[in-house]
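In what follows, every heavy atom counts, from backbone to side chain, and hydrogens, waters and symmetry copies are set aside. Quantities reported herein were computed from a predicted structural model and do not represent experimental measurements.
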Amino acid sequence: MAEQGPLLALRGVAKAFGGVNAVQDITFDVQAGESVGLVGPNGAGKTTLFNCVCGQLKNDRGSIEFEGRSLRGLPTYKRARMGIGRTYQRAEVFADMTVRDHLMVAERARSRAGRLWKDLCNMSRPTDEECEKVEGTMALVGLTELADTPVSALGLGNCRLVELARALAGEPRLLLADEPSSGLDEHETADLAAVLRIIQRDRGTAVLLVEHDLGIVAEVVDRAVVMDLGSKIAEGSFEEVMEDPVVRHAYLGQSV
Amino acid sequence: MEQFLGFAVPGIPYGCTYALVAVALVLTYRATGVFNFAFAAQAYVAALLFTALIQSAHLSEWLAFVIAVVVVSPLLGLAFDRLLFSRIPNSNNMAKLVTSISLLVGIPALMQVFIPQNYYAPPSIVFNPNTVYFTLAGAPLNGLDMSAIVFTALVLFAMGVMMRLTPLGLQMRGAVESRRLVQLDGVNAGGVVAVAWMISSFLAGFAGILLAPNFSQVQAQPFLTLMVAAIAAAACAAFRSMAVAAVAAVLIGVATFTLQGYLPTQSFLFTSILPSLPFLVLVGALLFHPGMRKLDQATDPLASVDPPLPPLAAAVRTPAMGRVISVLWYVVLGLFIVSMLTWIPRDWESVLNQGLAFSTLFLSITLITGMGGQLSLAQAGLAGVGAFTAAQLANHLGLPMMAGMVVGAAFAAAVAVLLAVLSLRLRGLGLALMTLGAALVFDNIIQSSQTLGGGSGGLGPMNNVDWGSPFGLLNPNGHALFLATFSVLVVVTLAILMIRRGTVGRLLGAMRGSETAAAGIGINLTWQRILIFALSGAVAGIGGTLLVIQQGVANPQQFNYVFSLAFVVIVVTTGVTTVEGAIQGAFGYVIIQKLLGYAPAQFANLTFVLFAFGALTYAQHPEGILEFQKRRSMQRFEPLFERLFPGSQPDAGSQGEPLIAGGLSEEAVRG
């Protein structure tokens, strides 16, 4: 039964760029509603793995399944429609748009309500339900006051929040968050951690979190997977993996 | 074999001149990120100056060569770099393309204003053109051929040595990756880039004077052909290897002459496909060379430090001012309609009708470039597809032109969809080149076919069909054409506004902002691209048909690729993101053309010069120079508005009607 299996299942996933094995034989699961940290030093292959899950890169070997369905050959947008949301290491925002527009376009992309003939008949105005959803997501992430601000006028930290809100507007069942706290101050990071906990708890969204800030990882995740040089080197609770000598070696070097 | 070589060898000198420009293209692209369409114009300038100095100023060939090629050509390149390209943010590929296209369109037109005389072919340098120096496989190589081969070989050898063995070459290779990173290493990157521009401009100038003696007069057209062959050669090298580009260029020259020798002269292949060979090579390279798909991928790790684009005019407009401007638009529209129906003279009514037709055509550029973020250089060609379809249906099936227009629009949309499907993996420069290639192939096929395009005189009404009588319902001697054309423009404009405000507009806005993120939220980019190409093709087809109805003849010349380039330049100048930008551009174009008709003949092309120089401001004002000026004017009136309508100042965010897709104010959201 697909419902009883893992939400996301990676089996022996590998990806190489020329002679460099960016990701090698990665296997782990993410259960529905679970929060998993994907940690590791720079160059560990975390973002490459994210790109393979989202379909922005094609994995060379192994399989990726979402809700029991293989993602092989599916383009990025179809994976997004299946319920895989994503934020990016380098903020990807729509420079011409306001914060509200970002969420509205994500809502429209999710509902797939857009039709050319509806536009031509002036039937594409946002409905009250859509506006409520957008307002709710902005309030959740703390962007209500910036709703009508063009993102080109926002700093990096707020752009990251816009990305997060946009991903959430798509109502994903799995959120891949790639260093979402990068560029945020301590206070904003704490707020972000709270948001991630809320969406996991209240919406049942599973979160796969790539972070260098181990503080937020410890606070948010149920479990952690550690990668180094493209390979998985540990998996378990955050405390367990941080005590693992192999992990400590990867993070802190030979002398420890 | 001897026959083959006899056909092939004469292609080598031509291939050599292509090679010089191909190397210049690769050098500039690799060192500066600019794909300089204007090398064709620079080659033309050098050839014209060289010839004028010899034939009018009676200078010696060598002195003319030094002035035209060694001094003026590099200085022109330096001026392009310092005044234009160095001011464009590194990541703004669209601005770089538009700027170089503007120069390609504007410079030859400007030269015709300043040097209106016709010059005969200049002499070749060093080698005597009338002497056969030796015979290769039965093919004689005269002085012109020797000049091209010997000088190209020498220059390319020097280039290779410089790039591989000198510190300057090393610095240039570093600047390829990131100008700003090499600056952090203490390299004067600006100087390196300036030198790259000077060298590549020197090469273009050199190619110009090598090519010019092969034609009876010094005119701009052969240099555009040279450019297309050079682009195809550079594409074979994915704009990376100068050596591969040079070899490919020579092979294109050889292949062209070889096929020319073997194909029957009256055959379709000879008249249509052979001139298209460089474009077919270009399309092949775009489709099958993996390097071409990565052209616009950012390699500069510091690309994100570029400043954001300036805000659009409507973003700083107060709601009150927005309302006043809307009212003013209605007033102007009302006055226009009344004037057209009452006092405007016939010749001016015809001009303004053409303005309406061009407005429709230009709106196709608003759709594809302003809303879709894709630079298409085939819009005039697509307009031609629609126009010729309607014309043929009218002539042969008796279908009224306005009805044929619908079929033509559908056919143009289908061609545009085919183009979109072929170029699905291409972005930015790759897409621009693909569309340019398509436009050129269309030109060659339609221009060479008496049946399709009507030959040199164009296709006129036949079989007692009156193109100017839409549906036969309105009196063609009254204002039927105006009413019909105006109605079509209104419908198209409203449709575009509705799409822009609707879901499709928002999804396109997302695609324009970040394709990665747009796909990541579930937007099917392939479908969006096909859709916007189809819509744009249909609108171009409608515009083209309206145009031939006005002019009473469908002439292939009015839809050739130079017009595709010029139309983009015009719309970008006035504002590619707004419907009013397209309409203002169209009316500006036809009115200036009409007024210049009263001036001496040499000023006929001044329209293109004016718009081209306007488009040079695109990098600073991507919303269009007119939009920018409107914003400035509005800001001057703001204090007055604040007094008249207290509390009408905009918030930090966008206010009023957004200019582009995705802009959605609170007011609009709540209806």
Rounding to 0.5 Å, atoms CE (B:M498) and CG (A:N122) come to a distance of 3.0 Å
Find out whether B:T503 and A:K118 are in side-chain contact, i.e. whether some heavy atom of one side chain is under 4.5 Å from a heavy atom of the other.
-> no
What is the minimum heavy-atom distance between B:R506 and A:R108, and which atoms define it?
-> NH1-NH1, 3.0 Å
Measure distances from A:A167 to the heavy atoms of chain B and classify the residue's part below 4.5 Å as side chain, backbone, both or neither.
-> neither
Tell me, for A:I84 versus chain B, whether the close heavy atoms (under 4.5 Å) come from the side chain, the backbone, both or neither.
-> backbone
Nearest heavy-atom contact between A:F94 and B:A517 is CE2-CB, 3.7 Å
Is chain A contacted by the side chain of B:I496, its backbone, both, or neither, given a heavy-atom distance below 4.5 Å?
-> neither
Heavy-atom contact with chain A under 4.5 Å, split by part of B:L531 | side chain
Side chains of B:N524 and A:R81 in contact at under 4.5 Å (non-hydrogen atoms) | yes
In Å and rounded to the nearest 0.5 Å, what is the CG to CG distance from A:D96 to B:L508?
-> 11.5 Å
Of all heavy-atom pairs linking B:I523 and A:A109, the shortest is CG1-CB, 3.8 Å
When every non-hydrogen atom of A:A80 is compared with those of B:G520, the smallest separation belongs to CB-O, 3.3 Å
Look up atom CE in A:M97 and atom CZ in B:R512, then write down how far apart they are to the nearest 0.5 Å.
-> 7.0 Å
Determine whether B:S514 and A:E163 make a side-chain contact, defined as any pair of heavy atoms from C-beta on separated by less than 4.5 Å.
-> no
May I ask you to check whether over 12 heavy atoms, not counting those of A:F50, lie within 6.0 Å of atom CZ?
-> yes
Just wondering, do A:L116 and B:L535 contact through their side chains at under 4.5 Å, heavy atoms?
-> yes
Got a second to check how far B:I521's CD1 is from A:E92's CD, nearest 0.5 Å?
-> 11.5 Å
Contacting region of A:V93 [heavy-atom separation from chain B under 4.5 Å] | backbone
Which atom pair, heavy atoms only, marks the closest approach of B:G502 to A:S124?
-> CA-CB, 3.8 Å
